[in-house]
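Whatever order the structure lists ligands and atoms in, that order sets their numbers, starting from 1.
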Amino acid sequence: MALLEVDDVIVRFGGVTAVNHASFTAEPGRITGLIGPNGAGKTTCFNVITGLQKPTSGRVRYRDRDVTGWPVHKRAGHGIGRTFQRLEAFGSLTVRDNVRVARDIHGGPLAWVRASGRSSLEIDVLLDRVGIAEYADERADSIPTGTARLLELARALACDPRLLLLDEPSSGLDETETDAFGALLRDLASEGVAILMVEHDMDLVMSVCEEIHVLDFGQIISSGTPAEIRDDSAVQRAYLGYSADDPHEAANGLGDHTSEMEAIPS
Ligand SMILES: Nc1ncnc2c1ncn2[C@@H]1O[C@H](COP(=O)(O)OP(=O)(O)O)[C@@H](O)[C@H]1O
Ligand SMILES: [Mg+2]
């Protein structure tokens, strides 16, 4: 059984079906991508997994248990960590203290720096790992957006997650930072973390994800390897408004909600 199983989840907000019969899994050691146009239901899926949103129907299973009814803090305590699309750090605290607070809420020391013994050292090791050590003493509201994204990641890692959900983690990162970020994700996965990532940077998604699910209007319209996703005409239609197979279908309406999406690189 997979570490995480999202099983036939539906979420309705009044008349809007934000998630429509979505099923997918996440596995230790694997980076799984969840992509799709704006409004497709990606963040809502994350909210269902972390407990912020109760599904209209369907189940969430984690480590062989049905956690659908579990509150957010209980899921977090069992190793479900996340970053938010909207940055959530405490602006008036320093970068280091933001990570310290996250770690203190979690409790125990981090498995991978437990040997170090000192908690402040542990936090600095973590800041160094995500590449923001030089900002440790800056207030979180004074750092660049890209750095704030990495701080979000450091805060999530401070809780020692087994399952890490990343909601558009690379927005605000420049190319060099994005490359370093991709390498860090691969490292984390190689240590056994299950990573589920919502991301608009298709180069990053295609280079780090082993498996990708494509959401469109709440439904998973395609699942597969990066190569399979790139070649899928249904995905091309959802992203571009037409597929290479039937270019005369251009502007069939599906393209209307793709304004922020980049073309899928080949
Ligand atoms: N709390 C909410 N109340 C009402 N509608 C919502 C709420 N959250 C999301 N939605 C709607 O659900 C759909 C999916 O949103 P979201 O999951 O944020 O999409 P994505 O993250 O893929 O851009 C959108 O139509 C959005 O407007
Ligand atoms: Mg979103």
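Proximity of Arg75 to Tyr62: side-chain heavy atoms (C-beta onward) are nowhere separated by under 4.5 Å.
Because the distance cut-off is set at 2.8 Å, Gln85 qualifies as a neighbour of the Mg ion (ligand 2) through one of its N, O or S atoms. Because the distance cut-off is set at 2.8 Å, Thr43 qualifies as a neighbour of the Mg ion (ligand 2) through one of its N, O or S atoms.
By the 6.0 Å and 45° rule, Arg155 does not stack over the aromatic ring of Phe84.
Heavy-atom contacts from other residues, nucleotides or ligands closer than 6.0 Å to CZ of Arg30 number more than 12.
Among Gly218, Gly39, Cys45, the residue whose heavy atom sits closest to atom 14 (C) of ligand 1 is Gly39. Residue nearest to atom 17 (O) of ligand 1, selected from Ile35, Thr44, Leu215: Thr44 (by heavy-atom distance).
At the top of the distance list for atom 11 (C) of ligand 1, counting protein heavy atoms only, stands Phe13 CD1, 4.0 Å. Considering only non-hydrogen protein atoms, atom 19 (O) of ligand 1 sits nearest to Gly41 N, 3.2 Å. Annotation: atom 18 (O) of ligand 1 to nearest protein heavy atom, Thr43 CB, 3.8 Å.
Every heavy atom of Gly36 sits 4.0 Å or more from the atoms of ligand 1.
Exactly one residue among Arg96, Arg103, Arg100 makes a salt bridge (charged side-chain N to carboxylate O under 4.0 Å, His left out) with Asp124. That residue is Arg96.
Between Asp7 and Arg59, no side-chain nitrogen of the basic residue sits less than 4.0 Å from a carboxylate oxygen of the acidic one, so the salt-bridge criterion is not met.
A distance of 9.0 Å separates CG in Leu34 from CG in Asp167, rounded to the nearest 0.5 Å.
Distances below 4.0 Å separate heavy atoms of Ala18 from the following atoms of ligand 1: 12 (O), 13 (C), 14 (C). Shown in contact with Asn38 at under 4.0 Å from a heavy atom are these atoms of ligand 1, numbered in order with element: 23 (O).
Note that atom 27 (O) of ligand 1 has no protein non-hydrogen atoms nearby, at separations under 4.0 angstrom. Protein heavy atoms are found less than 4.0 angstrom from atom 6 (C) of ligand 1.
When only modelled atom types and interatomic distance are considered, Arg12 and Thr56 share no side-chain donor-acceptor pair under 3.5 Å.
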Check against side-chain contact (heavy atoms from CB on, under 4.5 Å), Gln85 and Lys42: CA-CA 11 Å; Gln85 184 173 1; Lys42 306 178 297 293; over 6 Å; no

